[in-house]
Every structure is written in C-alpha cells, then in structure tokens.
Amino acid sequence: MKKFKITFLMIVMALWCSATISYSEIAKEGSGDYLTGKSGTFEVLKLGKNRFQMNWDVAGVFVEAPENSPLVNASYHSIGTLHALDGKTKSTGGIVFTRPNGDQIFGTFISTGVLRGPITSAVVEFTSGTGECTGIEGKMEAAPRPKVKSSTKGGWQAIGIGTVTWKIP
C-alpha cells in the first residue's frame, strides 16, 4: 500500500509539473535570440546577362526561441521572390508562423544581399496574429548564417539565426 501511495503521488506530481510547463503563458513583451531549421524549393527565371527572378517556398521550425515567447516550438511557412541585378539581390515575401496551440502570427519579409555571397540585411516584421497573438508587433532580424550543403536536388536546407522582439497588447 505504501508503494502505491508513493507511486500515485509521483504520478500526480509529474502531471502537475508537465501541465504547468506545457500551458505556461506567453510573455506579452520580450526579446532574445532564435535558431531555426528550414528547407525549401525555388524556381529561377533568367532575364538575360547578370539578371534573374527567383520564387521560393520555405518551411521551417524553431529549434530555440526566447523562453515564454510566442515562437517556442512554432513552425513557419514563407513564400516570396528574389530579384538579382548586377550582383545585388533584393527579396520580399510573406510568412506565417503557427504555434503549437494553432494560433498564428503573420509577417512580411525583406532582405538584401550579394549574389553568391552573404545576405546583408534580412528582417521579418510582424503584421498581425490570431488568438493570444492578436495585435502582435515586433520583428526578427537575421544574422549571417552558416552554409549548409543541400541533401536534395532542386531544394535547399539552411539554419536561421538572429534576434526577435515582440509586444502583444
């Protein structure tokens, strides 16, 4: 009987701890570093010498995000376009983040860079959200990322790193 009581107490404690962790409230405001893993596909339209248009479609997941941020364990989907002219690139697109509870955060993406070189600037601006993220404001700023060799033909994989700030009314 004593073993049963101890086992029962341990199960109750484990359930209580897991419930408080999995249902912790998101912070209404904050900032910090993030790490994502992502993969995607692209289609290129050559427009003569030193110029092309590329459309991309990316899916990813947050591996690390600030504690209690709305991006903890979130996935995302982004589509956009990149225009290259004389060795310089500019990219714009849209992005949807989906939280584990189904709430979504919507945003826009803008980046600039050098062809076959680093992205010099990449920013996602949060434009709106649903559920607990209604009215969210903030942004994600990407840092230079390490190169990753693609494991599939016609696609690519990458690591995303940077900082995020957010504020929810």
Side-chain angles (χ1 to χ4, degrees), residues 13-42 54-83 88-152 155-169:
M13 291 293 288
L15 288 173
W16 180 77
C17 288
S18 67
T20 58
I21 291 169
S22 61
Y23 292 105
S24 61
E25 209 172 293
I26 61 172
K28 295 291 186 183
E29 187 173 351
S31 64
D33 297 332
Y34 69 85
L35 173 67
T36 67
K38 53 188 171 179
S39 64
T41 58
F42 58 90
M54 178 175 72
N55 294 331
W56 44 266
D57 188 334
V58 177
V61 64
F62 282 83
V63 178
E64 293 179 14
E67 186 177 352
N68 296 330
S69 80
L71 300 175
V72 171
N73 297 329
S75 62
Y76 61 93
H77 181 216
S78 179
I79 60 173
T81 189
L82 178 144
H83 187 83
K88 295 181 181 177
T89 63
K90 182 174 182 181
S91 183
T92 61
I95 189 165
V96 178
F97 302 93
T98 303
R99 299 184 61 230
N101 69 357
D103 290 351
Q104 294 185 315
I105 300 169
F106 308 105
T108 57
F109 177 88
I110 298 174
S111 76
T112 58
V114 178
L115 193 60
R116 293 181 195 76
I119 294 173
T120 55
S121 171
V123 177
V124 170
E125 292 279 344
F126 300 142
T127 58
S128 63
T130 64
E132 289 181 279
C133 297
T134 300
I136 191 169
E137 296 176 349
K139 65 182 175 179
M140 294 172 53
E141 295 183 77
R145 59 184 185 232
K147 291 191 178 205
V148 175
K149 177 83 171 147
S150 178
S151 64
T152 60
W156 58 272
Q157 289 82 40
I159 296 169
I161 55 176
T163 59
V164 59
T165 59
W166 74 94
K167 184 174 182 178
I168 303 170

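In this text the structure is predicted, and so the values were computed from the model without any measurement.
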Would L71 and I105 count as a side-chain contact (heavy atoms from CB on, under 4.5 Å) here? Give the steps. CA-CA 9 Å; L71 300 175; I105 300 169; 4.1 Å; yes
Hey, could you give me the CD1/CZ distance between I26 and R99, rounded to the nearest 0.5 Å? 4.5 Å
Please round to the nearest 0.5 Å and tell me the distance separating atom CD1 of I161 and atom CG of D33. 9.0 Å
Donor-acceptor pair, T130 side chain versus Q104 backbone, under 3.5 Å? yes
Side chain proximity check, L82 to S111, heavy atoms < 4.5 angstrom: no
Taking W56 as the fixed residue, which of F42, F109, W156 is the one that meets the ring pair (Phe, Tyr, Trp, His ring centres under 6.0 Å) rule? F109
Quick one: list whatever passes side-chain contact (heavy atoms from CB on, under 4.5 Å) with T152, sequence neighbours left out. S150, Q157
Provide the closest heavy-atom pair for G94 versus S78 in the form atom of the first, atom of the second, distance. O-OG, 2.9 Å
Minimum side-chain heavy-atom gap T89-M54 below 4.5 Å: no
How about V124 and F97: do any of their side-chain heavy atoms sit closer than 4.5 Å? yes
Work out which heavy atom in W166 is nearest to a heavy atom in A27; give both atom names and the distance. NE1-O, 2.8 Å
Under a plain distance cut-off of 3.5 Å, with no hydrogens placed, do Y76 and T36 share a side-chain donor-acceptor pair? yes
Side chains of T92 and T108: does their closest heavy-atom pair fall under 4.5 Å? no
Are the side chains of H77 and D57 in contact, using a 4.5 Å heavy-atom criterion? yes
Closest heavy-atom pair and its distance - I159, P146: CD1-CG, 4.1 Å
Over 12 foreign heavy atoms within 6.0 Å of NZ, K167: no
Flag the pair K139 / T165 as yes when at least one side-chain heavy-atom distance between them is below 4.5 Å, and no otherwise. yes
Can you list the residues that meet the side-chain hydrogen bond (donor to acceptor under 3.5 Å, both in side chains) rule with H83, with sequence neighbours excluded? R51, Q53
Please work out which of the three classes, parallel, tilted or perpendicular, describes the rings of Y34 and F62, given edges at 30° and 60°. perpendicular
Should we say atom CD1 of I79 is surrounded by more than 12 heavy atoms from elsewhere, each under 6.0 Å from it? no
Side chains of F126 and V164: closer than 4.5 Å at any heavy-atom pair? yes
Heavy-atom side-chain proximity of D103 to P70 below 4.5 angstrom: no
Treating T127 as the side-chain partner and F106 as the backbone partner, does any N or O pair qualify as donor plus acceptor under 3.5 Å? yes
Under a 3.5 Å cutoff, is there a donor and acceptor pairing between the side chains of T81 and N55? yes
Any donor-acceptor N or O pair under 3.5 Å, side chains T120, T112: yes
OG/S128 to CD/E137 distance, rounded to the nearest 0.5 angstrom? 11.0 Å
So SG of C133 and NZ of K28: to nearest 0.5 Å the spacing works out to 8.5 Å
Please report the shortest heavy-atom distance between A65 and S69, naming the atom on each side. CB-OG, 3.7 Å
Rounded to the nearest 0.5 Å, what's the gap from OG on S75 to NZ on K38? Could you check? 14.0 Å
